[in-house]
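Single-structure report; data block below.
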Amino acid sequence: YEESCGRFLKDIQILDSCPCLSNKLVGRRKALVVPRNWSDIEIAFKGTLQTNGEFRPHCNKWQTIAIIIPFMKREMHLRLFIDHIHPILQAQQIHYRIFVIEQNQPNIFNKGTLMNSGYLEAKKHFQFDCVIFHDVDMLSEDDRNIYNCIDSPRHIGSHVDIFQYRLFYDKLVGGALAFEIKEFENINGYSTKFFGWGGEDDDMYNRLFYKGLKITRYDEQFSKFRMIQHNRDAQNPNNIYKFNSFYPNPSHYNTDGLSSTYYKVVSVKEGPLFTSIKLNLEVAQ
Ligand code: UD2
Ligand code: MN
């Protein structure tokens, strides 16, 4: 990371830029287990965040990061996640803003379309170079796993406790994944066809592979995550396509993704900890 970041910094020549590795990092971080209520969390971070939940480090930051959280009926996880992630990102001196993208309709969760929609909507509210799609139940246990787009596409959520901190399978790109915006648009985002649990991440791996984009992962010792224990959500049943390659050829990548993502905004709320955007997805079954 330090090498690539050093090269990156040399190219962009900005004055008093933030260092690649902030001196505020502590390494291993204990994942929170007890969620505080929203007012306590807001008080805890008052003064460090802009009124729209954005964080600007004092040093000159060379990348802006949008963190997109696909969300539906996981309120407790969201309280834990928000309380947990802000101190880590601020220690990393990241210039970031968090967008919680809530699916209002339809009542079967469609993560791919939700993430695409969140990306398109966040662009209207925040100028960013790097986007990180992040599960609400994934808590980083090491602040050396830097949330930016150095060496992207980067699979940030690579070593999770529920898989004994091993990479569950080498095509795994779920949990937390970072793209420079040109990379994400080059692969036309996520497939919109996966209703319910599973598959959208495997399809994403195939898109990256097909486009020759190499996925970077950090070594397990720097990239541990805890996933908050949970059962399958009622609104997220197994989808029927998940493991067979129902897309036998990559021709759908250009027609199924950002280019076929339609949604209606129900509400946008710029809160002190994050911006929440509620959407009705318009997805053809
Ligand atoms: C794995 C992947 C996840 C995704 C999923 C298959 C990892 C670490 N995670 O997670 O990225 O590929 O398999 O779809 O590899 N969500 C809601 N409400 C719901 C359902 C889902 O908010 O009702 C959101 C939430 O951010 C959640 C994420 O979608 O964390 C993934 O869903 P999951 O946690 O049920 O899936 P899981 O843990 O099997
Ligand atoms: Mn999960």
Side-chain angles (χ1 to χ4, degrees), residues 31 35 66-82 84-85 98-119 122 131-142 145 147 153-179 184 189-208 215 217-218 220 223-244 246 274 276-279 281 283:
I67 299 175
I68 305 275
I69 316 292
F71 176 81
M72 190 174 187
K73 298 179 187 152
R74 288 276 191 106
E75 207 265 350
M76 163 114 101
H77 290 185
L78 185 60
R79 292 205 331 250
L80 269 173
F81 174 75
I82 290 296
H84 179 80
I85 194 77
I98 297 175
F99 292 88
V100 175
I101 309 298
E102 182 173 4
Q103 179 174 325
N104 186 51
Q105 289 293 341
N107 52 18
I108 293 278
F109 191 64
N110 184 318
K111 193 170 183 253
T113 308
L114 190 60
M115 291 188 286
N116 286 352
S117 312
Y119 171 79
V131 61
I132 299 178
F133 296 99
H134 202 297
D135 286 6
V136 75
D137 58 19
M138 285 278 282
L139 304 178
S140 170
E141 292 182 298
D142 197 316
N145 197 353
Y147 277 63
R154 181 143 60 82
H155 182 209
I156 292 180
S158 51
H159 297 92
V160 196
D161 63 340
I162 60 161
F163 307 132
Q164 292 71 45
Y165 292 120
R166 276 200 303 279
L167 182 64
F168 195 38
Y169 55 97
D170 62 12
K171 282 189 159 192
L172 181 73
V173 288
L177 188 57
F179 300 89
F184 190 61
Y190 282 91
S191 166
T192 63
K193 300 278 190 241
F194 292 86
F195 286 84
W197 185 88
E200 91 293 331
D201 49 351
D202 296 332
D203 181 84
M204 172 50 78
Y205 177 89
N206 294 339
R207 286 172 184 238
L208 290 165
I215 297 159
R217 293 185 181 98
Y218 282 170
E220 177 235 318
S223 59
K224 287 186 172 67
F225 268 83
R226 188 169 83 78
M227 183 192 287
I228 306 168
Q229 287 304 319
H230 62 81
N231 302 321
R232 182 63 49 75
D233 309 85
Q235 61 275 2
N236 197 26
N238 272 10
N239 70 47
I240 43 168
Y241 292 121
K242 75 174 169 306
F243 292 119
N244 67 26
F246 76 108
F274 54 84
S276 89
I277 300 177
K278 194 184 271 191
L279 303 172
L281 307 182
V283 275

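As the structure lists them, so they are numbered: ligands from 1, and atoms in each ligand from 1.
Which of Phe225, Trp197, Phe133, Phe163 comes nearest to atom 39 (O) of ligand 1 through a heavy atom is settled by distance: it is Trp197. With Arg74, Glu102, Met72 as candidates, the residue nearest to atom 27 (C) of ligand 1 on a non-hydrogen basis is Arg74.
Remark: side-chain polar atoms of Asn236 are paired, donor with acceptor, to backbone N or O of Trp197 under 3.5 angstrom.
Of all atoms in ligand 1, numbered sequentially from 1 with element shown, those under 4.0 Å from a heavy atom of Met138 are 8 (C). Near Gly198, meaning under 4.0 Å from any of its heavy atoms, are these atoms of ligand 1: 6 (C), 14 (O). The contact set between ligand 1 and Glu200, taken as ligand atoms under 4.0 Å from a residue heavy atom, comprises 4 (C), 6 (C), 12 (O), 14 (O).
One distance of note links CZ of Phe81 with CG of Asp137; it measures 9.5 Å at 0.5 Å rounding.
Inclusion of Phe109 in the set of residues having an N or O under 3.5 Å from an N or O of ligand 1 is not warranted. The shortest N/O to N/O separation between Gly175 and ligand 1 falls below 3.5 Å.
Within the structure, ligand 1 lacks Lys73 among the residues with a heavy atom less than 4.0 angstrom away. No heavy atom of Gly157 sits closer than 4.0 Å to any atom of ligand 1. The shortest heavy-atom distance from His77 to ligand 1 is not under 4.0 Å.
With a 4.0 Å cut-off on non-hydrogen atoms, Leu172 touches ligand 1 through its side chain and not its backbone. When non-hydrogen atoms are compared, ligand 1 lies under 4.0 Å from neither the backbone nor the side chain of Arg232. Residue contacts with ligand 1 for Asp233 involve side-chain atoms from C-beta outward but no N, CA, C or O (heavy atoms, distance under 4.0 Å).
Nearest protein heavy-atom neighbour of atom 34 (O) of ligand 1: Asp137 OD2, 2.9 Å.
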Discussion item. Between Lys224 and Asn145, does the side chain to side chain donor-acceptor pair (under 3.5 Å) criterion hold? Intermediate values first, please.
Written reply: CA-CA 8 Å; Lys224 287 186 172 67; Asn145 197 353; over 6 Å; no

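Classification of Arg74 and Asp135 as a salt-bridged pair fails, no side-chain N sitting under 4.0 Å from a carboxylate O.
Ring pair Tyr190/Phe179 is perpendicular by interplanar angle, where above 60° counts as perpendicular and below 30° as parallel.
For Asp137, the N, O or S atom with the smallest separation from the Mn ion (ligand 2) is OD2.
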